[in-house]
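Since the structure comes first, as structure tokens, the remarks are kept for the end.
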Amino acid sequence: MKDGREWTPCYGNVPCPALYPGQREFPWLYPYGSQMNYWNLWNNPEQMEDEMDTRRLRELYPLMARRLQPYVEEVCTRLEYPGSMMYDEYPDQLSLRSKAREVWDSASTGENFGEKAPKWEELQDLIGVLLLQEMMRRRKRNRGRGILR
């Protein structure tokens, strides 16, 4: 049993993040990432406004595009390093098609589409457009930081 005189960072009956290291203290404050991401956005109001516009417009995507978007973001996150094909001046069609296929493979294993599961041929254009749009958004964001080279 803990000694009552022992110092504790928590007050009252509030759950303490120091006692539960896997949980954040206020998870609703930063739903889209860590606190450091928000500090960077607050220092640049134009970039924060662009991020909020992007989130609002993505809510208007059709259902299939909303289901595929997290997989597209995952592939683009893996491509976000200097010298990546995402930052090429002219990305080639073959590498874009292979990345779109990688998105489809991970989405088909991760999602439960049910008995009316679409085929690759039906969604390759949609995945390609989502991939190009996400790559363009990240290129624009990183161009302002000086990473794009």
The side-chain hydrogen bond (donor to acceptor under 3.5 Å, both in side chains) partners of Asn112 (sequence neighbours excluded) come to none

Applied to residues 61-72, the salt bridge (charged side-chain N to carboxylate O under 4.0 Å, His left out) test, sequence neighbours excluded, yields Arg67-Glu111

Rounding to 0.5 Å, atoms SG (Cys76) and OH (Tyr71) come to a distance of 15.0 Å

For Glu102 and Val75 the tightest heavy-atom approach is OE2-CG2, 4.0 Å

| query | Do Arg139 side-chain atoms and Tyr87 backbone N/O form a donor-acceptor pair below 3.5 Å? | reply | no

Tightest non-hydrogen contact, residues Thr109 and Ser106, listed as OG1-O, 3.0 Å

Under the criterion salt bridge (Lys or Arg N to Asp or Glu O under 4.0 Å), I'd like the reasoning laid out for Glu59 against Arg55: C-alpha separation, chi angles, the key distance, then a yes or no. CA-CA 7 Å; Glu59 292 174 358; Arg55 294 193 196 291; over 6 Å; no

With sequence neighbours left out, the residues meeting side chain to side chain contact (heavy atoms under 4.5 Å, CB included) with Glu122 are Pro118, Lys119

- Query: How about Lys99 and Leu96: do any of their side-chain heavy atoms sit closer than 4.5 Å?
  - Reply: no

Ser95 meets the side-chain hydrogen bond (donor to acceptor under 3.5 Å, both in side chains) criterion, sequence neighbours left out, with Asp92

Students should find that the hydrophobic cluster of Tyr90, defined by side-chain heavy atoms under 4.5 Å apart, otherwise consists of none

Under a side-chain separation threshold of 4.5 Å, the hydrophobic residues clustered together with Leu60 are Leu57

In a table with atom names and distances, give each donor-acceptor pair under 3.5 Å that connects a side chain of residues 123-134 to protein atoms at least two apart or in another chain.
| residue | atom | partner | partner atom | Å |
| --- | --- | --- | --- | --- |
| Gln124 | OE1 | Trp120 | NE1 | 3.2 |
| Gln133 | OE1 | Tyr61 | OH | 2.8 |
| Gln133 | NE2 | Tyr61 | OH | 3.2 |
| Glu134 | OE1 | Arg58 | NH2 | 2.3 |
| Glu134 | OE1 | Gln69 | NE2 | 3.4 |
| Glu134 | OE2 | Arg137 | NH2 | 2.9 |
| Glu134 | OE2 | Arg138 | NE | 2.7 |
| Glu134 | OE2 | Arg138 | NH2 | 3.2 |

- Flag side-chain contact, heavy atom, 4.5 Å: Met135 against Glu80: no

Legend entry - Single-linkage hydrophobic cluster Met136~Met52, side-chain heavy atoms < 4.5 angstrom: no

When every non-hydrogen atom of Ser84 is compared with those of Asp88, the smallest separation belongs to O-OD1, 3.5 Å

| message | Does any part of the side chain of Glu51, heavy atoms only, come nearer than 4.5 Å to the side chain of Arg141, both counted from C-beta? | response | yes

